[in-house]
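To keep things clear, I will list the structure first and then write my remarks on it.
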Amino acid sequence: MGSARRRNVVVTALLAYAVLLLLGPHLLGAWAGGIILVASFAVGFTWLVLLVAPWAARGRPRATPVRGPRP
């Protein structure tokens with residue numbers, strides 16, 4: 001999955017979450033709190049897995065390659 005597609009998935013999830021926050025209590029009633037809690041976990045996990053993990057896996061760019069054992 002490309003970078004742009006991952007970003008689109010996360011943006012779509014954030015927009016759906018925002019709509020849920022705005023309309024959830026009116027449409028879901030007493031269940032809104034639990035559903036919003038689960039949705040916030042899902043959006044956070046999606047952001048972490050799709051955007052942060054690939055970025056962290058690449059690591060920092062180095063100006064010069066490291067030779068020999070690392071300290």
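For the numbers below, each heavy atom of this structure counts, side chains included, while hydrogens, waters and symmetry mates do not. Residues take their numbers from the sequence shown, with the count starting at 1.
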*asked:* Whether the side chain of R6 engages the backbone of L50 through a donor-acceptor N/O pair (distance < 3.5 Å, no angle test) should be reported.
replied: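 Such a contact is found between R6 side chain and L50 backbone.
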
Pair up each side-chain donor or acceptor in residues 7-14 with any protein partner under 3.5 Å, not counting sequence neighbours, and list the distances.
unit_1, atom_1, unit_2, atom_2, d
N8, ND2, A4, O, 3.4
T12, OG1, N8, O, 2.8

_Atom pair CG/CG of L28 and L20 - distance to nearest 0.5 Å_ =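 The CG atom of L28 sits 6.5 Å away from the CG atom of L20.
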
*Y17 OH to L22 CG distance, which is reported to the nearest 0.5 Å*: 10.5 Å

Sequence neighbours left out, cut at 3.5 Å: what donor-acceptor pairs do the side chains of residues 29-43 make with other protein atoms?
unit_1, atom_1, unit_2, atom_2, d
S40, OG, I36, O, 3.3
S40, OG, L37, O, 2.7

